[in-house]
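A short write-up of the structure that comes next.
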Amino acid sequence: MAENILVIGGGPAGLNAATMLSELGVKVTLAERDLFLGGNPKKFKYKFLFPDMQPADNVVGELIKKAETSSNIKVYLSSEISDFKENGKKFDAQIKSPDGNEIKTFDSVIVATGFEHFDPARDAKYSYQLFDDVIDIKDLERMMGEGNFARPSNGQPPKNVAFILCVGSRDRHVGNQYCSRVCCTVSVKQAIELREHFPDCEVYIFYMDIRTYGFFEDLYWQAMEEHDVQIVKGRVAEITSGPDNTVICKGEDTLLRGPFEIPFDMVVLASGMEGGPQSSEMAKKLGLELDEHGFLKPQNVTLALFKSNKEGIFLAGACTGPKAISDSIIEGGAAAMNAYIYAVRNH
Amino acid sequence: MALEKQEKRPVAEKGEHIIARHLIEDDYIKEEKNLVIDGVDVSGRWNTFIRTRVDSEFDRSFFREVKETVAGSRINRCWQCGMCTASCTVTPLYRRFNPRAFIYMMQLGNLKELKKYVDVAWRCVGCYKCSQRCPKQVNPAEMMEALALLIKKYFPEEMESKLKVDEDVKKIYEDMILGHGRLDLAKLHTSSMQKMGRTKELIGKMERDAIFKMIKDGRAFSILKLGRPHNWGKSKRAIENYLKNANTLERSEA
Ligand SMILES: Cc1cc2nc3c(=O)[nH]c(=O)nc-3n(C[C@H](O)[C@H](O)[C@H](O)COP(=O)(O)OP(=O)(O)OC[C@H]3O[C@@H](n4cnc5c(N)ncnc54)[C@H](O)[C@@H]3O)c2cc1C
Ligand code: SF4
Ligand code: SF4
Ligand code: SF4
């Protein structure tokens with residue numbers, strides 16, 4: 001009889017893990033909390049992905065198709081793990097879905113529950129939800145995915161847009177000290193998309209550092225050199241309402257020394273990634289450890305990012321920290337390999 | 001003596017009544033001559049206003065103007081790393097000459113700030129060290145050229161007043177070369193000091209000591225022995241021609 005492996009979370013990481021295992025002939029149970037597969041990229045309708053602007057469908061759509069068509073994968077949507085117990089070297093899990101409760105025994109488990117977007121409303125200085133024209137990168141991603149580039153307040157094209165980096169990241173005040181890694185690249189990508197869509201709209205990025213690491217740097221150079229996106233050094237400390245239906249960003253230009261208060265038609269907050277409630281929920285239910293940032297803690301951050309502190313339970317994707325889709329997919333594969341080895345040994 | 005005088009900040013008459021006046025730059029103080037508010041004449045003590053020190057707009061028209069010039073076409077590339085300023089020949093001499101900052105002011109159209117540097121902004125000597133080091137190949141050396149042209153266009157009056165001495169010194173320099181075929185440094189020095197209104201310093205102790213030393217070691221007399229360069233008339237005509245052409249060119253551009 002084939003091995004049984006449970007994958008929790010149907011984002012890029014979980015989808016790739018499930019697909020690879022199915023190709024090895026493993027029987028996979030894929031439990032997804034949402035109504036659909038694809039994780040955050042699907043939920044927020046990402047249309048074009050950094051670094052090369054390829055359609056998200058080529059990546060996430062492809063992964064979903066593979067998982068849905070594999071006879072070895074059983075997908076449970078709108079489901080949760082309502083009970084979880086160790087059973088010798090194996091695991092008994094109860095999957096609660098609209099079709100009822102099912103208890104199954106698994107040889108190993110992969111947790112790929114991903115991340116949550118930082119909710120900018122938690123940081124009052126940015127006036128998110130107070131002003132229609134203050135949105136964040138996930139909102140803009142969704143708007144652009146729906147072909148809607150206009151100002152939320154009046155449906156008009158914006159004349160100038162400001163991106164504010166590091167919202168909810170690198171800020172003791174909100175409790176997140178870490179860098180969310182993708183928001184810089186997402187912001188320069190979106191700045192390019194805005195400039196392409198509205199050539200007359202000026203786009204500014206307020207930054208403390210621009211961390212478009214590795215080859216993502218290409219997008220940053222393109223944003224400046226081919227699209228005249230202007231970067232301004234300084235973090236914005238307050239957003240207030242301005243004249244003519246604008247929003248004012250108050251900050252300091254740290255290169256020239258001196259305060260500014262500039263009105264914009266639209267402000268886009270680069271909100272970061274958080275472990276979210278699902279990370280602590282998984283930690284509690286499965287007996288895993290959380291790290292000091294609120295993500296699931298790997299056994300060894302360098303040697304074994306895909307292993308949890310529990311034998312037989314593996315981790316993949318953004319549940320262990322902020323990362324890009326490519327990294328999440330790779331980790332899905334690595335976790336699959338390790339979960340398979342464990343399952344075969346103890347089967 | 002002269003030094004002491006320079007160090008003391010002149011008490012600006014403008015905004016005299018403001019407590020902690022030293023914290024506010026002259027530019028930000030506005031005084032109305034005859035101010036009447038609600039029928040009450042408030043001229044005098046109550047006519048002084050401090051303008052907000054907050055920047056309230058980015059003006060990208062300036063950026064676009066620079067970008068359209070040949071010398072300034074790469075302005076959009078600059079990410080303010082400061083390697084140009086770090087490698088600049090002029091900055092150590094004039095700390096206020098900062099190519100990196102000037103480029104930023106041009107990017108954001110911050111003319112208010114740029115105006116403060118009219119006196120130094122054109123001091124680039126064209127050594128191209130900055131352009132050789134700039135990681136983004138902005139070509140900051142040529143950016144300084146674009147800057148000089150724009151400053152001339154936007155602040156003609158400031159240019160005139162701030163650069164008057166320099167123009168005068170240039171004239172002395174030219175006359176000297178054309179007249180004698182060489183530079184007489186002593187004369188250049190004294191004439192320039194006179195033009196700058198620093199005549200007093202010329203008879204200061206430092207100057208006197210220097211002159212005495214030059215007399216003692218004979219350098220002062222060697223100048224007298226120097227004649228005009230051989231065949232100077234020909235070179236002189238060539239230089240005169242060049243200057244004439246350059247002037248016509250400048251005038252036709254303006
Ligand atoms: C605005 C934005 C734009 C981005 N754009 C790009 C880009 O262009 N290119 C790129 O490479 N990366 C991009 N990223 C990063 C990318 O979103 C992540 O790397 C990727 O989504 C992580 O995949 P994942 O599968 O680990 O997690 P997720 O995508 O978060 O998926 C996790 C899945 O697990 C499910 N789940 C959670 N909890 C439970 C539970 N208790 N039970 C069952 N299921 C659960 C969730 O519903 C979700 O479907 C972007 C990120 C942001 C914030
Ligand atoms: S990726 Fe950029 S915006 Fe995001 S937290 Fe890091 S530095 Fe800030
Ligand atoms: S011009 Fe070049 S060297 Fe100077 S700050 Fe800009 S990018 Fe750096
Ligand atoms: S070319 Fe001009 S700006 Fe550049 S290093 Fe030389 S003096 Fe400085």
Side-chain angles (χ1 to χ4, degrees), chain A residues 159-163 184 188 191-192 195 198-212 217-234 236-238 240 242-244 246-265, chain B residues 23-25 27-28 50-68 72-86 95-96 98-117 121 134-140 143:
Chain A
K159 287 188 298 297
N160 57 2
V161 176
F163 281 84
C184 274
V188 295
I192 291 174
R195 286 280 299 161
F198 303 118
D200 293 332
C201 172
E202 297 293 351
V203 177
Y204 301 86
I205 297 179
F206 293 104
Y207 71 101
M208 177 166 75
D209 306 282
I210 294 202
R211 296 183 164 175
T212 44
E217 184 82 353
D218 293 346
L219 270 188
Y220 168 28
W221 287 47
Q222 268 172 40
M224 293 181 82
E225 302 189 355
E226 286 163 36
H227 302 276
D228 290 351
V229 170
Q230 178 65 47
I231 57 169
V232 181
K233 186 152 182 162
V236 168
E238 199 174 313
T240 52
D244 307 322
T246 53
V247 277
I248 290 182
C249 288
K250 273 179 89 167
E252 195 213 338
D253 186 329
T254 60
L255 291 176
L256 288 181
R257 301 203 303 174
F260 61 76
E261 285 177 21
I262 316 264
F264 289 97
D265 280 354
Chain B
L23 294 176
I24 301 157
E25 283 173 55
D27 284 0
Y28 290 101
I50 304 173
R51 234 184 276 154
T52 169
R53 273 161 286 178
V54 172
D55 289 329
S56 55
E57 65 176 332
F58 295 143
D59 178 3
R60 294 287 272 179
S61 59
F62 198 66
F63 164 87
R64 257 173 256 122
E65 192 176 343
V66 177
K67 201 179 162 217
E68 252 148 51
S73 62
R74 289 172 170 184
I75 185 170
N76 57 345
R77 292 186 171 195
C78 174
W79 59 12
Q80 294 290 303
C81 65
M83 275 173 95
C84 47
T85 305
R95 292 185 70 85
R96 288 170 61 245
N98 186 328
R100 191 264 316 149
F102 295 152
I103 294 172
Y104 196 50
M105 293 170 199
M106 291 196 280
Q107 283 181 331
L108 297 179
N110 195 337
L111 292 188
K112 203 173 79 192
E113 197 64 28
L114 261 183
K115 195 173 167 184
K116 296 182 191 161
Y117 297 90
C134 168
K136 280 278 216 122
Q137 293 183 321
V138 171
N139 203 344
M143 208 61 72

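So that the names make sense, note that chain A is the first sequence line, chain B the second, and so on, each numbered from 1.
- For a residue to count as touching a neighbouring chain, one of its non-hydrogen atoms must lie under 4.5 Å from one of that chain's; by this rule B:Phe63 touches chain A with the side chain only.
- Although no hydrogens or angles enter the test, the distance criterion places a donor-acceptor pair under 3.5 Å between the side chain of B:Gln107 and the main chain of B:Ile75.
- Interface summary for chain A: among B:Arg100, B:Glu113, B:Arg74, the most heavy-atom pairs under 4.5 angstrom belong to B:Arg100.
- Considering only residues two or more places apart in sequence or on other chains, A:Glu202 meets the salt bridge (Lys or Arg N to Asp or Glu O under 4.0 Å) condition with B:Arg60, B:Arg64.
- Interface check for chain B: of the options A:Glu252, A:Glu226, A:Met224, A:Lys233, the most heavy-atom pairs under 4.5 Å are formed by A:Met224.
- Atom CD of A:Glu238 sits in a crowded spot, with more than 12 heavy atoms from other residues, nucleotides or ligands closer than 6.0 Å.
- Counting heavy-atom neighbours within 6.0 Å of B:Lys115 NZ, excluding the residue itself, gives a total of 12 or less.
- Note on residues 253-263 of chain A: pairs passing salt bridge (Lys or Arg N to Asp or Glu O under 4.0 Å), not counting sequence neighbours, are A:Lys250-A:Glu261.
- Note: A:Leu256 leads A:Val229, A:Leu256, A:Ile231 in heavy-atom pairs under 4.5 Å with chain B.
- Using a 4.5 Å cut-off between heavy atoms, B:Asn110 touches chain A through its side chain atoms alone.
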